[in-house]
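Some notes on the structure that comes next.
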Amino acid sequence: MLPAARKAVPGALATALVMGLAACSGGDGGSGLSGALGNQLGQIGDGSTSYTGAQPGLARPERLKPGQKPPQFVVFSWDGAGEDSTKLFSHFREVGKKHGITMTYFLSGVYLLPEAKAELYDPPRHERGRSDIGFNDIGGIKATVRELRGAWLDGNEIGTHFNGHFCGPQGGGATWTPEEWKSELAQAKSFVKKWRSNAGLPREQSLPFDYDRELIGARTPCLEGRDNFLRFAAKQGFRYDSSGISEQIWPDKKQGLWDLSLQMVPVPGRAFETLSMDYNFMINQSGTAKGAPSMHTFWGNQMRDGLIKGFNRAYKGNRAPLVIGNHFETWNGGAYMRAVEQTIGYVCVQRDVRCVSFRQLVDWLDAQDPEVLKRLRTLPVGRAPRGGWKNFLTTASSGSDKPGGGTTAGAPARAGSGAADSGPPGAANEVTGAATEARRARGARTDTTSGTDGGGPAAGRTSLVWPAAGGERAAPDRLAHDGPAAIRPVAAR
């Protein structure tokens, strides 16, 4: 993990500034100081946000020394990032503090917009005032702002998940032009920068950051529309995007941004892999958020063990950063929240592992020698350098440490990454439960080796989740000819 390096003075200063600025506003929502005035500390706009200086608690990235083995980065990220009655945002903030880690929270702007002001949102290709994830009430806005404030002061990152979460061919993000994406982004920023005025809460404490400075990364709803978003993202100050699907290999830049896509990870006991996100495990298991209660523990364990398998594949192999996406949801009895928390407890305490935000990861990537990163990108999924790390990162020796150059002994054959909705024509969808939602997620496939409800224990097996005694003996891997079982997270928040 990165050193905590939490200095009491900067943190206390940021907190004092936030509290002081709220008081100095006099409750009038005055204009305050603009974030455009350089590095001057102060309130911005109506006081919804403030510039309080550098974020506390972040360690300075260090460049790898010649021959040094890279650390294993793991990023836990959250789509939507609103605090509601489940109190999952505040819970996972505490989990992060317990383990001394940081995470990224992709905020949906409409979570800071009250239902009564819904008409302020003018979504692309939809009527004004519409959102597929609704809006918020005053209590929810106050709670969400409280958690965002605390999360940033703890060293976590606040990214964007945009606004209304529109997906699919009828006005979803994939149909939007670059200009429409610019409008969506501008509105997402506006709802953060004007939440006090919009919610009628002029005396609430300000958010302790200038959102124009803070916002450097995004994940588009349903992973749709990425290409048109990337056409202008770098010019808007973005440094990375996490809206794609990839394999567990070292990242490269795409249109000037680091491509930190979600990744394909194993589904223990199954013949395919799925995306490293709670929603995608759910669709492949139950096809619904309310599957059979008798399966909840199994499904949670299956996700946890799949993520741990993905982690071990990188940790013992090419050390590619592992990217994990989640939602503050209680799908299938909270099985996936338990899985994520247990994964954090297992992964983030390992030697030489750094569980960080995307911001910290891109800071580290930008600090590295480009030639070293280029060499790291030649390592296939799960494969450590054959001659050892010291030799690999100190010499210019040739070799076959390249993607597609073979697989680790005992590892299944792998296919390349694909688009989020690029399942093979006619791929069977055997997921039971809410069949309608499952059918919408093209490429959601299961096999017949895992018992009832698309994921239960098959007869004669003591365990289908890692670590299975004596190996898993899963059906032959279908990835070589079917492609990855990637699913678009249609109903994700």
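Everything numeric in this text was worked out from a predicted model, so none of it was measured. Only this structure's heavy atoms are used, side chains among them; waters, hydrogens and symmetry mates stay out.
Scanning for salt bridge (charged side-chain N to carboxylate O under 4.0 Å, His left out) contacts around Glu119 gives an empty result, with sequence neighbours left out. Every side chain to side chain contact (heavy atoms under 4.5 Å, CB included) that Ala143 has, sequence neighbours left out, goes to Glu83, Arg146. By the ring-ring contact (aromatic ring centres under 6.0 Å, His included) test, Phe162 pairs with Trp181, Phe229, sequence neighbours left out. Shown here are the ring-ring contact (aromatic ring centres under 6.0 Å, His included) partners of His126, two or more places apart in sequence or in another chain: Phe166. Partners of Pro266 by side chain to side chain contact (heavy atoms under 4.5 Å, CB included), not counting sequence neighbours, listed by chain and number: Glu273, Lys309, Arg313. Under the side chain to side chain contact (heavy atoms under 4.5 Å, CB included) criterion, Asp122 pairs with Arg128, Gln187, sequence neighbours left out. Listed by chain and number, the residues in a salt bridge (charged side-chain N to carboxylate O under 4.0 Å, His left out) with Glu115 amount to none (sequence neighbours excluded). Listed by chain and number, the residues in a salt bridge (charged side-chain N to carboxylate O under 4.0 Å, His left out) with Lys254 are Asp227 (sequence neighbours excluded). Residues satisfying the salt bridge (charged side-chain N to carboxylate O under 4.0 Å, His left out) test with Glu214, not counting sequence neighbours, are Arg359. Partners of Ser357 according to the side-chain hydrogen bond (donor to acceptor under 3.5 Å, both in side chains) rule, which considers only residues two or more places apart in sequence or in another chain, are Gln360. Scored by the side chain to side chain contact (heavy atoms under 4.5 Å, CB included) test, Ala151 finds Phe89, Arg93, Tyr105, Asn156, Ile158 as partners (sequence neighbours excluded).
In terms of modelled atom types and a separation under 3.5 Å, the side chain of Glu94 and the main chain of His91 share no donor-acceptor contact.
Counting only residues at least two apart or on different chains, the side-chain hydrogen bond (donor to acceptor under 3.5 Å, both in side chains) pairs with a member in residues 230-241 are Glu157-Tyr240, Arg226-Asp241, Asn228-Arg231, Arg239-Asp363, Arg239-Asp366, Asp241-Ser243.
With no hydrogens or angles considered, a side-chain donor-acceptor pair links Gln285 and Tyr336 at under 3.5 Å.
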